[in-house]
Amino acid sequence: MSDIRIYNTLSKTKEPFVPLRPPAVGIYLCGPTVYAEAHIGHMVGPVIFDTIKRYLTYCGYHVTWVVNITDVDDKLIAKSHQRGVPMSQIAVEMTADYLANLKELGVNQIDYMPRATDHMSQIISFIESLEKRGYAYASQGDVFFEVAKDPSYGELSNRTTDQQQGEGGEAAARKRSPSDFALWKSAKPGEPAWDSPWGRGRPGWHIECSAMSHHLLGETFDIHGGGLDLMFPHHENERAQSSCCHNAPMVKYWMHNGLMRAGSKGKVGGKGDRESSAESVAELAESKISRSKGGGGLAELIRKQTGERLRFFLLRTHYRSTIIFNDETLSEAGTSLEAFYRLLARFQEITGQSFYDLPVPQTADAALQRIQDANSETLKPFLAERERFLASMSDDFNTGAAISVLFDMLRGLNRHIDQHALGKEAGPSDPGLTTLIDAVAILRELTGILGLFLKAPPQAIGSDDAGESALPHALMEILMDLRKTARANKDFATSDAIRDRLSSLGIALLDKKDGTTWERTK
RNA sequence: GGCGACGUGGCCAAGCGGCUAAGGCAUCGGAUUGCAAAUCCGACAUCCCGGGUUCGAAUCCCGGCGUCGCCUCCA
């Protein structure tokens, strides 16, 4: 279980995962600057790292996962002036939005979410330390990091300083070199500011991550993650600040997730964007266009799709790949999820036990104990699938490959139920039943690693819809009774009419061996 | 212009030099069903193009074409 390999952006290769201080593992993920509502693209990192933490924990590691909240920044200040409300109020609102979205997507593994404004003293002393060591210089109230002093600058993003334009504008005049970047910015009138040795001001963009990761995870920690777009300048600058301040590497493994893209995949021959793609998803607020318009929409998307659907959608693709986001790929993810919900309902029908009440093994060791007690012969195919799943996860957290194994298990379980004709009347002595229960326990174990099916979805498939008032149920009983009589009399015209008319109301009737059930389809 | 990623069946997507190129969606057969739905069985790609390396390449190298990203707002 320990042969995990991770793709390290710094070395551009997959490396064996060997933590610095096992079993402890420290992970820092760059969180949002809370100046606007989150969009679906912001969830890629949190979902994959939530899954990574679950898997590392499963493998026996003790993970500390930090996601920062940057709540002081130029964009926040601009927004504050624009709306005429304090910056802190915007930050509080947008942080709440972010947290609510994380919760919906099942991201609940985060240990610390430090805010930049709560760590001013750490930030200031970090800058002081850099200044003392000769890596930073003050200039008219600002403090800059002197890039030329760091020989390894540019190694992460693979670029040389002379390629860079540097931040232009009025700050350029106070810098020794265009590629130097601000650690501290002096306050202009009307801007939020904190006292510092250099006068009142606020931190530059990158320093909060260096200061807070140091504060919570130490000088060198295991994994630093973020979107590919943060590699430069953000991560390059963080790395420079931290390694120069501590004279030690900041991070052992740099991980960068791919970005999300609207529309369809580009195709040879130039017919990349099919008519429907680009526009139909513009409203979904993951493109730059809609972002600049300030269109939120993740909360609404969650309402339409459910958080689990989105989580599954994100996990279908390997984290380093570009995720193609459009109506089609999204609904496709939903369609395939339904098959799992049906299987889980089937399981409950047969065993009388809810899948969601089954224990989720927190570690591989705990799971193995259970498996050793089970009948290994009939369980063999499922155990082989379990191995394939874990091998995929260990290979740079290949959730896409792992999910494909889940589909194989899905088919295997349905086949098993069909072949053994397992139904409500299956007795506890039925040999097929014990295998089913053991195999489903494995499914529980594996889906738990991905953070899927942890609790029953809001609208459970099946007729026992929680929260449904009594009257619709009673009415449905009447209709189904009438239809039952019609079918018994071979009056299929009537029975089909009932089904068709209900169908147009969004209610599906499903005839099964031991009776008819109904469910809402929209 | 500089740096980088990618191009696998109708769509999405694994694959990281060697079993019959995973899996999902869609489609088409079959089983089941009064008919459907669900479920199961089966069918469906030689991997953008052209060279090269190799006994052997979707996988490595070179050259095209195409798509996308970064180059101080970006997850």
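It should be emphasised that the depicted structure is a prediction, and the values quoted were computed from it without experimental measurement. Below, each value reflects all heavy atoms present in this structure, side chains not excepted, and no hydrogens, waters or symmetry copies. Residue numbers begin at 1 in each chain, while the letters A, B, ... track the order of the sequences.
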Can you find a side chain N or O atom of [X] that sits less than 4.0 Å from OP1 or OP2 on [N]?
| X | N | answer |
| --- | --- | --- |
| A/Asn326 | B/C12 | no |
| A/Asn158 | B/C3 | no |
| A/Ser321 | B/A14 | yes |

Which nucleotide wins on minimum distance to the side chain of [X], given the candidates [options]?
| X | options | result |
| --- | --- | --- |
| A/Arg342 | B/A38, B/C73, B/G34 | B/A38 |
| A/Ser404 | B/U72, B/A14, B/A22 | B/A22 |
| A/Phe181 | B/C70, B/U67, B/U72 | B/U72 |
| A/Arg487 | B/G34, B/C12, B/A13 | B/G34 |
| A/Lys75 | B/C3, B/G34, B/C73 | B/C73 |
| A/Asn398 | B/C70, B/G15, B/G34 | B/G15 |
| A/Arg499 | B/C35, B/U67, B/A22 | B/C35 |

Quick one: label [X] by what it contacts on the DNA or RNA (base, sugar-phosphate, nothing), any heavy atom closer than 4.0 Å.
| X | result |
| --- | --- |
| A/Ala333 | nothing |
| A/Gly226 | sugar-phosphate |
| A/His318 | sugar-phosphate |
| A/Leu259 | base |

Do [X] and [Y] sit within salt-bridge range, that is, some charged N less than 4.0 Å from a carboxylate O?
| X | Y | value |
| --- | --- | --- |
| A/Glu236 | A/Arg159 | no |
| A/Arg202 | A/Asp74 | yes |
| A/Lys14 | A/Asp396 | no |
| A/Glu191 | A/Lys185 | no |
| A/Arg83 | A/Glu93 | yes |
| A/Asp481 | A/Lys484 | no |

Review point. Given that A/His235 and A/Leu510 both sit by RNA chain B, which one's nearest nucleotide is further toward the 5' end?
Key: A/Leu510
Practice item. Find which nucleotide of RNA chain B each of A/Glu332 and A/Gly31 is nearest to by heavy atoms, and output the residue with the more 5' nucleotide. Key: A/Glu332
Check your understanding: Which residues within residues 405-418 of chain A lie with some heavy atom under 4.0 Å of an atom in RNA chain B?
Key -> A/Phe407, A/Asp408, A/Arg411, A/Asn414, A/Arg415, A/Asp418
Check the distance between [N]'s [atom2] and [X]'s [atom1] and give it to me in whole angstrom.
| X | N | atom1 | atom2 | answer |
| --- | --- | --- | --- | --- |
| A/Glu338 | B/A26 | CD | P | 11 Å |
| A/Arg320 | B/G15 | CZ | C1' | 12 Å |
| A/Leu509 | B/A38 | CG | P | 14 Å |
| A/Met260 | B/A5 | CE | C1' | 17 Å |
| A/Ile324 | B/G7 | CD1 | C1' | 11 Å |
| A/Leu422 | B/A38 | CG | P | 21 Å |
| A/Glu328 | B/G10 | CD | C1' | 9 Å |
| A/Arg159 | B/A5 | CZ | P | 12 Å |

[N] - base-pair partner by Watson-Crick or wobble geometry, distances under 3.5 Å:
| N | answer |
| --- | --- |
| B/C40 | B/G30 |
| B/U46 | none |
| B/G4 | B/C68 |
| B/G10 | B/C25 |
| B/G17 | none |
| B/C35 | none |
| B/A57 | none |

Using the [atom1] atoms only, state how far [M] lies from [N], rounded to an integer number of Å.
| N | M | atom1 | value |
| --- | --- | --- | --- |
| B/U46 | B/G4 | P | 33 Å |
| B/U8 | B/A21 | C1' | 8 Å |
| B/G15 | B/A22 | C1' | 8 Å |
| B/G23 | B/A43 | P | 11 Å |
| B/U54 | B/U20 | P | 24 Å |
| B/A36 | B/G30 | P | 11 Å |
| B/C49 | B/C55 | P | 25 Å |
| B/U33 | B/C47 | C1' | 40 Å |

**Study point:** Within-4.5 Å side-chain heavy-atom neighbours: A/Leu450 and A/Met393
**Key:** yes
Check your understanding: Taking the six-membered ring of A/Tyr35, is the NZ or CZ of A/Lys79 close enough (under 6.0 Å from the centre) and on axis enough (within 45°)?
Key -> no
Check your understanding: Is the closest side-chain donor-acceptor distance between A/Tyr153 and A/Asn237 under 3.5 Å?
Key -> yes
Exercise for review: Indicate whether any N or O donor in one side chain lies under 3.5 Å from an N or O acceptor in the other, for A/Ser394 and A/Tyr55.
Suggested key: yes
Practice item. Taking the six-membered ring for Trp and the full ring for Phe, Tyr or His, determine whether the centres of A/Phe340 and A/Phe407 are under 6.0 Å apart. Key: yes
